[in-house]
Amino acid sequence: MGWVSSNFDSSVTWKDVEWVRSQWDGPLVIKGVLDPQDARTAAGAGVDGLVVSNHGGRQLDGVASTARALPAVVDAVAGRIPVLVDGGVRSGLDVVRMLALGADFVLLGRAWAYALAAAGEEGVAHVLKIVEAEMRVAMALTGTTRISDLGSETLDR
């Protein structure tokens, strides 16, 4: 609890995000959005994008998966800002799944970090080739030839 209380400020509000936006004209992306109303609020606060993330499920037991939260967040922002997603992405199939659920960008965390630790730059290049190959297989098996064609109809919900 000591670490949590010294690293999380529960007094932060969307007004603080608006203040940051007023002070900073560079790119501003909010990470950790799982709720559609928060997504609408973020878009209204002038952010340039948001990341649907549950922080690997490490912050709150029982929190929704990013795949479960993503479609409602995408619908809430309705194309006004890019939606990125992380968490639960371990393979090319997971990348395809997130794109089909509406993500504009899919972030890889652990896969490249483990590859970097194990084999440096060559390891990262290797893992990215594996992810690409897995994406191609998943797309072929769903009859999809272009990433832009991925959508909710690609998935069997």
Side-chain angles (χ1 to χ4, degrees), residues 1-117 124 127-128 131-132 134-135 138-139 142 144 146-157:
M1 284 304 293
W3 182 88
V4 170
S5 65
S6 66
N7 285 282
F8 290 93
D9 182 351
S10 62
S11 69
V12 173
T13 70
W14 288 108
K15 291 289 184 194
D16 295 301
V17 173
E18 291 171 4
W19 178 84
V20 169
R21 174 77 292 165
S22 75
Q23 302 298 307
W24 171 255
D25 62 358
L28 180 60
V29 177
I30 301 292
K31 180 178 179 181
V33 177
L34 295 170
D35 179 76
Q37 183 54 49
D38 285 343
R40 283 188 284 277
T41 303
V47 303
D48 297 298
L50 56 86
V51 182
V52 174
S53 177
N54 63 9
H55 307 289
R58 295 180 311 275
Q59 309 304 327
L60 180 63
D61 285 344
V63 70
S65 72
T66 55
R68 183 174 303 276
L70 181 59
V73 169
V74 168
D75 289 345
V77 300
R80 291 180 287 163
I81 57 175
V83 176
L84 298 82
V85 64
D86 77 359
V89 181
R90 305 285 185 268
S91 68
L93 174 57
D94 292 332
V95 173
V96 167
R97 182 179 295 116
M98 296 299 192
L99 292 169
L101 290 170
D104 296 302
F105 302 94
V106 180
L107 305 174
L108 298 173
R110 293 179 190 167
W112 75 264
Y114 292 159
L116 180 65
V124 174
V127 87
L128 292 175
V131 169
E132 178 188 10
E134 292 170 341
M135 288 178 67
M139 290 173 66
T142 59
T144 308
R146 293 184 307 236
I147 288 175
S148 61
D149 292 338
L150 293 170
S152 60
E153 67 283 350
T154 307
L155 304 174
D156 179 17
R157 294 186 187 203

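Just so it is clear, the model here is predicted, and its values are computed rather than measured.
Residues meeting the side chain to side chain contact (heavy atoms under 4.5 Å, CB included) test with Leu108, sequence neighbours left out: Val89, Val95, Trp112, Leu128, Val131. Arg97 meets the salt bridge (Lys or Arg N to Asp or Glu O under 4.0 Å) test with Asp94; sequence neighbours excluded. The side-chain hydrogen bond (donor to acceptor under 3.5 Å, both in side chains) search around Ser148 returns none, not counting sequence neighbours. Listed by chain and number, the residues in a side chain to side chain contact (heavy atoms under 4.5 Å, CB included) with Glu132 are Arg136 (sequence neighbours excluded).
Applying the salt bridge (Lys or Arg N to Asp or Glu O under 4.0 Å) definition to pairs two or more places apart or across chains, those involving residues 11-23 are Lys15-Glu18, Arg21-Asp48.
Atoms CZ and CD1, from Arg40 and Ile81 in turn, are 12.0 Å apart once rounded to the nearest 0.5 Å. Summarising the geometry, atom OG1 belonging to Thr144 is positioned 8.0 Å from atom CD belonging to Glu153; distances are rounded to the nearest 0.5 Å. For the atom pair OG1 (Thr142) and CG (Leu150), the distance works out to 6.5 Å, reported to the nearest 0.5 Å.
Val47 approaches Ile30 most closely through the heavy-atom pair CG1-CG1, 3.4 Å. Residues Asn54 and Ala64 approach most closely at ND2-O, 3.1 Å, considering heavy atoms. Closest non-hydrogen pair, Pro82 versus Asp104, comes out as CA-OD2, 3.3 Å.
In this structure, Leu34 and Val52 have side chains that are in contact, with non-hydrogen atoms separated by less than 4.5 Å. No side-chain heavy atom of Lys31 sits under 4.5 Å from any side-chain heavy atom of Leu84. Within the 4.5 Å cutoff, the side chain of Val83 has heavy atoms near those of the Leu50 side chain. Annotation: side chain of Glu134 is not in contact with side chain of Leu93 (no heavy-atom distance under 4.5 Å).
Other residues, nucleotides and ligands contribute over 12 non-hydrogen atoms within 6.0 Å of the CH2 atom of Trp14. More than 12 heavy atoms of other residues, nucleotides or ligands shown are found within 6.0 angstrom of CG on Leu116.
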| message | As a quick check of understanding, evaluate side-chain contact (heavy atoms from CB on, under 4.5 Å) for Met139 and Thr154, giving each step before the final call. | response | CA-CA 9 Å; Met139 290 173 66; Thr154 307; over 6 Å; no
Could you list the donor-acceptor pairs under 3.5 angstrom formed by side chains in residues 67-75, with sequence neighbours left out?
none

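For Thr66 (side chain) and Gly87 (main-chain N/O), a donor-acceptor pair under 3.5 Å exists by modelled atom type.
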